[in-house]
2 protein chains.
Amino acid sequence: MLSGSKSTVSRVMNDTPNVDPQIVTRVRDAAARLGYRPSGTAQNLSRGRTGIVGVLVPDLANPLFATILKGISAEAETDGYRTLVADANEQPGEELRHLHELARQSDGLILCGPRMSTPDLAGLTELDVPIVIVNRKPAGSLFPSVTVDSREAVAELCRHLDAFGHTRLCYLSGPAHAAADAERWSALTSSIRSRTKLFRVPAGAMLDDGHAAAEAALATGATCLIGFNDLVALGAVARLQELGITVPDQISVAGFDDIVYARFTSPGLTTVAMPQTEFGQEAWRLLSPYLHARKTRRTRTLSAHLIIRGSTGPRQNSGARPGPAA
Amino acid sequence: MLSGSKSTVSRVMNDTPNVDPQIVTRVRDAAARLGYRPSGTAQNLSRGRTGIVGVLVPDLANPLFATILKGISAEAETDGYRTLVADANEQPGEELRHLHELARQSDGLILCGPRMSTPDLAGLTELDVPIVIVNRKPAGSLFPSVTVDSREAVAELCRHLDAFGHTRLCYLSGPAHAAADAERWSALTSSIRSRTKLFRVPAGAMLDDGHAAAEAALATGATCLIGFNDLVALGAVARLQELGITVPDQISVAGFDDIVYARFTSPGLTTVAMPQTEFGQEAWRLLSPYLHARKTRRTRTLSAHLIIRGSTGPRQNSGARPGPAA
DNA sequence: ATGAAAGCGCTAACAT
DNA sequence: ATGTTAGCGCTTTCAT
């Protein structure tokens, strides 16, 4: 009988140095033969860590979040971590519930563009789990966060539009509790020239929202529509085209994020690009050290940049109006 | 000192009946006050289950898989399960590695459109974990699977195109190891009329792939391009428009899946729609009973259906050719 | 209705 | 270099 103790097996399975090579192979063989695989759960309990990071997103169907998630996964994977995903379906009320559950299964949490209230966010400290926030600066910087500074890029967008003669802009606003919505709106209001009128029409975060809001936006007489994000902008473009209105000839459209579709529609969408993959990478890099030791809480600010494509052009003199339906 | 044993606390936390209401509130209070939350890991070890389902996808950035994942999460959540996600980044070689790791952390696995070889797939039985496969029929039906029958919808597409006079079609093929690719191709070949010529140009699974393959497809003289999926089709449309070629006036385009963008581009994309959310739902419904008891291995076949939008139209007499660049 | 005790399958001192 | 012994923090018989 080849005795062999649990510890030895454990050492072999964990590639601990100082194990007799003979034993190593013997154990490996036996394991392979018996189809033995260490129980992750038992390892987790014993080690006091799960190797899992919980990620909360408002909506996985939004390519922005899918991309951020990919960034997190890729980076976390290099440290042997996996991602447990919770999709709140754009329902702020669901977020807390998800987080409480995620927290019990993971070593740390990454919140992508959380829609929950600031007090709720602050209350998360009680979870007593390392948390990193992406795309929203937590009040009082309670948590490390990776945010983006889009002021300069927005200012650039405004100059771009101004140069094209646009003096009536309409912002298709995002979900009520999206921090990015407030920031974008504020960046716009502080960037436009005094001669420029800025309207605001409620939309949402998805294609349908932009599609649905397009007509209301048109009614403001704006010559350029700016979507809360690219999905909203693209939804609006679709609606405009249905109405027989040509972009950018009759009306210009711009968005935020630079999701991959912005590049592949025609006309291409002018947009304030977010560093999507970096969001994910940086989020992990902030979280990772935090998992091992309570390190200093930091914040990382990335910067957005303007990408000009075909959806913005010179303002039409006569203002946009529906043409013959497509 | 209010004694209270571990067992009692456990009973309270698990809402076990037959506990003195007084004690219940006392324990609840104490827990709240101390911020006590049962360790998920310890529960997992003790209960012998993790409450986690591992999901493997080829690419989360593909809305098809994001949607399927959402379907799985939503359904699994109703049973108290969460999803651990692994994104193989369209690299078949990575899939096995991910699966082995996922298997150690989860109670069951759902593989979405796995690209790995059939033998590798068969070898998964050794993982000794309930597995359900989505969108690929496993050889020998080793695992329960949810697949789609798109033959009828493809036939319908072919009739639709034929009625428009298209007799030269070009299929922009998908990733080498995507089972869906072979199925779609085979459905096409067996559906076209004998007078119709079907070409095949290699593309891939993403927007860029369709974009890059468009010119080669044009060169075949085809009057209608059919993308492996909607992304490929839309990528091709983008390229065509760059070339000044109008869809559908000069050339028709169709795709597979019916991702949300297919509806919101202009022209809308004609496509063979996959039951995306159902894929996810059904996958969970197949897996769920399997987790508790080894039940009979079943298979569920959903059906695709054709959605006709603006990207397909009557064939142009003279054949497509680049116009003035946009 | 509650407590005591065993055990889930590992890891990590500690001893040898 | 390997074996022994305690836990990790719960759940769950089994007593009471």
Side-chain angles (χ1 to χ4, degrees), chain A residues 1-52 79-82 100-108 127-129 291-293, chain B residues 1-52 80-82 100-108 127-129 291-292:
Chain A
M1 182 55 199
L2 22 85
S3 61
S5 72
K6 302 197 314 176
S7 350
T8 305
V9 175
S10 173
R11 282 188 268 259
V12 171
M13 300 309 282
N14 292 297
D15 300 307
T16 305
N18 299 342
V19 214
D20 185 323
Q22 301 225 342
I23 301 212
V24 172
T25 51
R26 205 142 52 93
V27 172
R28 284 249 139 77
D29 285 4
R33 193 155 29 76
L34 305 177
Y36 167 79
R37 336 210 94 247
S39 146
T41 310
Q43 291 179 319
N44 290 346
L45 182 60
S46 188
R47 291 172 174 159
R49 43 149 277 178
T50 63
I52 290 182
D79 291 344
Y81 271 77
R82 304 221 143 259
H100 278 89
E101 294 201 1
L102 282 185
R104 303 192 328 110
Q105 302 263 49
S106 39
D107 298 338
L127 279 184
D128 198 41
V129 161
L291 295 179
H292 311 300
Chain B
M1 182 53 198
L2 22 86
S3 60
S5 71
K6 302 193 319 170
S7 348
T8 306
V9 176
S10 172
R11 282 188 268 257
V12 171
M13 301 307 284
N14 292 297
D15 300 307
T16 305
N18 298 342
V19 214
D20 185 323
Q22 301 225 342
I23 300 213
V24 172
T25 52
R26 204 143 52 94
V27 171
R28 282 251 139 76
D29 286 3
R33 192 155 28 77
L34 305 177
Y36 167 79
R37 339 208 93 251
S39 145
T41 310
Q43 291 180 319
N44 290 345
L45 181 59
S46 190
R47 292 171 173 160
R49 44 149 277 177
T50 63
I52 288 182
Y81 271 76
R82 305 220 143 261
H100 277 90
E101 294 201 0
L102 282 185
R104 302 191 329 112
Q105 303 263 52
S106 39
D107 298 339
L127 279 184
D128 199 39
V129 162
L291 295 179
H292 311 301

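Side chains are part of it too, since the values below use all heavy atoms of this structure and drop only hydrogens, waters and symmetry mates.
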Passing option when A/Thr50 is tested against A/Asn44, A/Asp107, A/Thr41 for side-chain hydrogen bond (donor to acceptor under 3.5 Å, both in side chains) |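 Exactly one pass, corresponding to A/Asp107.
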Round to a whole Å and report the spacing from CG of B/Asp20 to P of C/dG3.
->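 Whole-Å distance recorded here is 10 Å.
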What integer distance in Å separates B/Asn44:CG from D/dC8:C1'?
-> 13 Å
For B/Arg82 and B/Gly51, indicate whether the former's side chain and the latter's backbone hold a donor-acceptor pair under 3.5 Å.
-> no
Within-4.5 Å side-chain heavy-atom neighbours: B/Val27 and B/Val19 |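 No, too far: nothing below the 4.5 Å cut-off.
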B/Asn14 versus B/Gln43: any side-chain heavy-atom pair under 4.5 Å?
-> yes
Could you encode protein contacts along nucleotides 9-16 of chain C as a string, one character per nucleotide from 5' to 3', using B for base contact, S for sugar-phosphate-only contact and - for no contact, with a heavy-atom cut-off of under 4.0 Å?
-> BBBB----
Scan for salt bridge (charged side-chain N to carboxylate O under 4.0 Å, His left out) pairs involving residues 13-23 of chain B, sequence neighbours excluded, and state none if there are none.
->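 Every salt bridge (charged side-chain N to carboxylate O under 4.0 Å, His left out) pair that includes a residue of residues 13-23 of chain B, provided the two are not neighbours, is B/Asp15-B/Arg28.
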